[in-house]
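Just dropping this structure here.
Every chain is numbered from 1 and lettered A, B, ... according to where its sequence line falls, protein lines coming before strand lines.
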Amino acid sequence: MSKPTPLSGFPEWLPQQRLIEQEILGRVRRTFELYGFAPLETRAVEPLDQLLRKGETSKEVYVLRRLQADENDTSDAALGLHFDLTVPFARFVLENAGKLQFPFRRYQIQKVWRGERPQEGRYREFYQADIDIVDRDTLPAHYEAEIPLVIGDALSGLPIPRVTVQVNNRKVLEGFYRGLGIDSTEDVLRQVDKLDKIGPAKVVELLKNQGLSEAQATQVLKLAEIKAADSSFADQVKQLGVSDPLLDEGLEELVRVVDTAVAEKPGLIVADLRIARGLDYYTGTVYETLLEGYERFGSISSGGRYDNLATAGKDVFPGVGISIGVTRLLAILFGRDALTASRSVPTCVLVAVNSEEERPRSVAAAAALRRNGIPTEVAPSAAKFGKQIRYAERRGIPYVWFPGESGSVKDIRSGEQVDADAATWAPPQEDLRPIVSGTA
RNA sequence: GUGGUCGUAGCUCAGCUGGUAGAGCACCGGGUUGUGGUCCCGGGGGUCGCGGGUUCAAGUCCCGUCGAUCACCCCA
């Protein structure tokens with residue numbers, strides 16, 4: 001059999017990378033729980049009509065089909081892999097509304113699938129770490145201010161470059177456009193979103209091609225260029241002289257989000273009135289998160305408020321949430337060797353073997369160490385000690401244990417060796433587990 | 001899904017206008033008859049992504065395909 005080749009868009013990490021990924025996922029999870037989000041996992045598939053109902057246009061959904069499915073068997077025909085965690089969550093809320101307490105806050109860390117053309121930082125299978133808060137009938141606006149704080153906490157605790165959460169509000173954009181007499185909001189947003197890439201002149205041109213007047217296009221551009229780290233953006237908007245109730249409502253909400261962030265975590269947030277992205281179910285605040293130095297890879301964490309995602313008859317569950325694109329984050333940092341683990345295995349101690357006859361003594365020492373929670377493995381063979389030490393060195397294992405009448409343990413980084421008892425010895429806390437650190 | 005660029009040992013790459021594969025690092029062994037990381041000596045490893053075509057002859061040209069990457073689309 002010839003050597004297998006990778007599958008485009010389905011990244012697989014090496015153990016040392018997976019070690020880092022697990023460490024990151026663990027820290028993110030603990031931060032989510034620190035804020036009281038409850039754990040949840042939903043199935044990988046959803047009925048296709050559910051998936052297509054909101055948001056996703058289509059072709060990007062992977063459909064599930066049995067290999068031997070009968071032509072007439074339609075039982076699985078309408079299932080697709082979820083492309084995010086918000087849509088499945090909305091479904092879950094509706095399904096279990098009677099068993100949940102509202103407001104309901106949950107986190108969900110799972111893989112999602114999208115049938116897109118892969119490139120660096122965009123994959124067909126990737127992890128999302130998602131938090132959402134939903135309430136019944138109405139959702140207080142303060143939750144929209146809380147979300148970025150959680151993300152800021154989760155990400156700033158990691159050994160990664162600084163992040164900035166960019167916020168905007170759909171109501172500001174829609175209200176402003178409406179005040180200008182524009183009704184093709186979606187199309188306008190799409191062009192405005194290209195501002196960074198193609199520049200203001202071309203955006204205006206594209207807008208005019210869409211039927212906007214010179215004046216309208218100019219105003220749209222002026223709004224998009226507003227950006228501020230505090231609530232001063234609101235005055236700048238008002239100076240443009242457009243008035244609309246929805247615009248005012250949006251501004252008020254956005255000011256609140258920004259003010260909260262400025263008070264709690266200065267420097268985390270910036271109001272940027274050009275950002276409009278996210279799936280089309282967003283109705284209020286929207287978030288995007290950029291990694292300093294890696295802006296060209298786009299957002300590593302996005303989300304927003306949605307009022308109509310979870311609705312069934314009279315029941316309405318408005319929500320707000322955000323997702324961290326863990327795989328994207330890791331891939332772009334791995335790509336530049338910006339994340340490293342102090343070792344490639346969990347092992348803290350390698351117990352040397354004097355001779356195969358004496359292996360039981362090594363096995364016993366290892367067992368004693370493990371009883372104290374120290375990850376330990378026994379050397380693969382009774383090779384020369386130099387080779388056994390090298391086995392540890394190659395993997396970054398910090399300690400080698402030499403069993404004997406009185407055991408001794410060597411820190412192979414310093415070369416220091418001391419007599420020790422396997423039943424009581426313990427490494428410094430920081431050596432117990434691999435340490436993940438940033439090098440950027 | 002559309003279009004462009006790229007694809008030689010584990011890694012970084014060399015290989016002129018086609019003539020039957022090389023370096024550095026890494027790895028393995030020995031010097032060092034049981035405590036590594038230096039140094040010296042030696043060694044293994046590539047169907048040149050894969051498949052087909054042109055040619056006496058292809059890593060080198062052509063087509064396809066897979067993979068990586070970029071742009072569009074869209075988005076974590």
Side-chain angles (χ1 to χ4, degrees), chain A residues 1-12 14 28 55-61 82-86 108-131 151 155 163 186 189-191 193-194 197-198 275-280 282 286-291 294 296-304 321-332 335 337 350 352-356 358 379 381-404 408-417:
Chain A
M1 183 178 145
S2 58
K3 189 177 175 182
T5 54
L7 256 186
S8 187
F10 295 85
E12 294 181 309
L14 290 169
V28 166
E56 222 39 26
T57 32
S58 59
K59 48 198 181 170
E60 297 186 350
V61 174
H82 57 224
F83 56 82
D84 75 359
L85 299 176
T86 308
Q108 209 169 324
I109 301 176
Q110 289 179 240
K111 285 198 169 165
V112 304
W113 295 267
R114 289 182 195 174
E116 292 185 284
R117 177 72 129 237
Q119 42 182 270
E120 188 172 20
R122 335 179 39 178
Y123 303 99
R124 304 222 232 228
E125 178 180 67
F126 58 96
Y127 270 111
Q128 282 198 166
D130 189 293
I131 49 171
I151 289 305
L155 295 178
V163 298
E186 290 283 318
L189 288 181
R190 195 159 299 135
Q191 306 311 332
D193 194 52
K194 297 176 183 168
K197 284 183 181 173
I198 64 177
I275 82 141
R277 306 200 288 178
L279 276 354
D280 61 10
Y282 295 126
V286 289
Y287 316 99
E288 245 179 50
T289 310
L290 295 181
L291 243 199
Y294 298 86
R296 77 175 185 89
F297 291 100
S299 176
I300 55 153
S301 178
S302 309
I322 192 165
S323 241
I324 300 174
V326 178
T327 305
R328 164 174 293 179
L329 174 64
L330 292 174
I332 62 183
D337 290 321
L350 175 75
V353 176
N354 286 318
S355 66
E356 285 306 326
E358 293 173 84
S381 73
K384 291 182 185 175
F385 284 148
K387 286 194 187 166
Q388 298 195 43
I389 290 170
R390 196 158 61 178
Y391 175 96
E393 190 199 3
R394 291 283 145 77
R395 293 164 177 73
I397 299 169
Y399 297 98
V400 175
W401 190 278
F402 295 98
S408 67
V409 62
K410 178 184 183 113
D411 181 336
I412 64 173
R413 296 162 300 188
S414 63
E416 202 177 327
Q417 185 167 342

- Just call it for A/Gln128: base, sugar-phosphate, or nothing, with non-hydrogen atoms closer than 4.0 Å on any strand. sugar-phosphate
Kindly give the atom pairs (protein nitrogen or oxygen, nucleotide nitrogen or oxygen) under 3.5 Å for nucleotides 68-72 of chain B.
from, atom 1, to, atom 2, distance (Å)
B/A68, OP2, A/Ser8, OG, 2.5
B/C70, OP1, A/Arg296, NH1, 3.3
B/C70, OP2, A/Glu120, N, 2.9
B/A71, OP2, A/Gln119, OE1, 3.3
B/C72, OP2, A/Lys197, NZ, 3.2

- Any strand is fair game: report the nucleotide pairing with B/G45 by Watson-Crick or G-U wobble, both distances under 3.5 Å, or none. none
- With the side chain counted from C-beta on, respond yes when A/Val326 and A/Val28 share a heavy-atom pair under 4.5 Å apart, and no when they do not. no
- Message: Work out how far the P atom of B/C39 is from that of B/U5, and round it to whole angstrom.
- Response: 44 Å
- Distance (rounded to the nearest 0.5 Å) between A/Trp113 CH2 and A/His82 NE2: 4.5 Å
- In Watson-Crick or G-U wobble terms, both distances under 3.5 Å, what is the partner of B/A71? B/U2
- Message: Could you identify the nucleotide paired to B/C61, looking across every strand shown and requiring Watson-Crick or G-U wobble geometry with both distances under 3.5 Å?
- Response: B/G53
- Message: What is the distance, to the nearest angstrom, from the CD1 atom on A/Ile275 to the P atom on B/A76?
- Response: 11 Å
- Message: Tell me if a side-chain donor or acceptor on A/Tyr123 pairs with a main-chain N or O of A/Gly121 at a distance below 3.5 Å.
- Response: yes
- Query: On a whole-Å scale, what distance lies between the P atoms belonging to B/U20 and B/G15?
  - Reply: 16 Å
- Query: In whole angstroms, how far is the C1' atom of B/A76 from the CG atom of A/Leu155?
  - Reply: 12 Å
- Query: Taking atom P of B/C73 as reference, at what distance in whole Å does atom CZ of A/Arg190 sit?
  - Reply: 9 Å
- Query: Rounded to the Å, how far apart are A/Tyr287 OH and B/A76 C1'?
  - Reply: 16 Å
- So, A/Phe126 and B/A76: ring centres less than 5.5 Å apart, planes less than 30° off, yes or no? yes
- Message: So which atom in A/Gln128 and which in A/Ser323 form the shortest heavy-atom distance, rounded to 0.1 Å?
- Response: NE2-OG, 3.0 Å
- Query: What does nucleotides 29-39 of chain B look like as a protein-contact string, B for base, S for sugar-phosphate only, - for none, at under 4.0 angstrom between heavy atoms?
  - Reply: SS--SBBBB--
- From CD of A/Glu288 across to C1' of B/A76 the rounded distance in Å is 10 Å
- Any donor-acceptor N/O pair, A/Gln388 side chain to A/Val353 backbone, under 3.5 Å: yes
- Query: What's the shortest heavy-atom distance between A/Phe83 and A/Arg114, and which atoms?
  - Reply: O-NE, 2.8 Å
- Task: Provide the distance between the two P atoms, one in B/G49 and one in B/G67, to the nearest whole Å.
- Result: 16 Å
- Message: Can you check the distance between B/G37 and B/U32, where both ends of the measurement are the C1' atom (answer in whole Å)?
- Response: 14 Å
- How close or far is atom P of B/A76 from atom CG of A/Leu291, stated in whole angstroms? 15 Å
- Task: Looking only at non-hydrogen atoms, find the nearest pair between A/Asp130 and A/Thr86 and report the distance.
- Result: OD2-OG1, 3.4 Å
- Query: B/A76 and B/C11: how far apart are their C1' atoms, nearest whole angstrom?
  - Reply: 30 Å
- Item | A/Ser8 versus A/Pro118, closest heavy-atom pair with distance | OG-CG, 3.3 Å
- Message: If I compare all heavy atoms of A/Ser302 with all of A/Ser299, which pair ends up nearest, and what's the gap?
- Response: OG-OG, 2.6 Å
- Task: Can you tell me the pairing partner of B/G22 across any strand shown, Watson-Crick or G-U wobble, with both distances under 3.5 angstrom?
- Result: B/C13
- Query: B/G18 and B/A57: how far apart are their C1' atoms, nearest whole angstrom?
  - Reply: 8 Å
- Task: Could you tell me which residues satisfy side-chain hydrogen bond (donor to acceptor under 3.5 Å, both in side chains) with A/Arg395, sequence neighbours excluded, listed by chain and number?
- Result: none
- Grab the two heavy atoms, one from A/Ala352 and one from A/Phe385, that are nearest each other, plus how far apart they are. CB-CE2, 4.0 Å
- In whole Å, what separates the C1' atom of B/G59 from that of B/A21? 8 Å
- Message: Please report the distance separating the P of B/G46 from the corresponding atom of B/U55, rounded so that it comes out in whole Å.
- Response: 31 Å
- Query: Atom CZ of A/Arg124 and atom C1' of B/G67: how far apart are they, to the nearest Å?
  - Reply: 12 Å
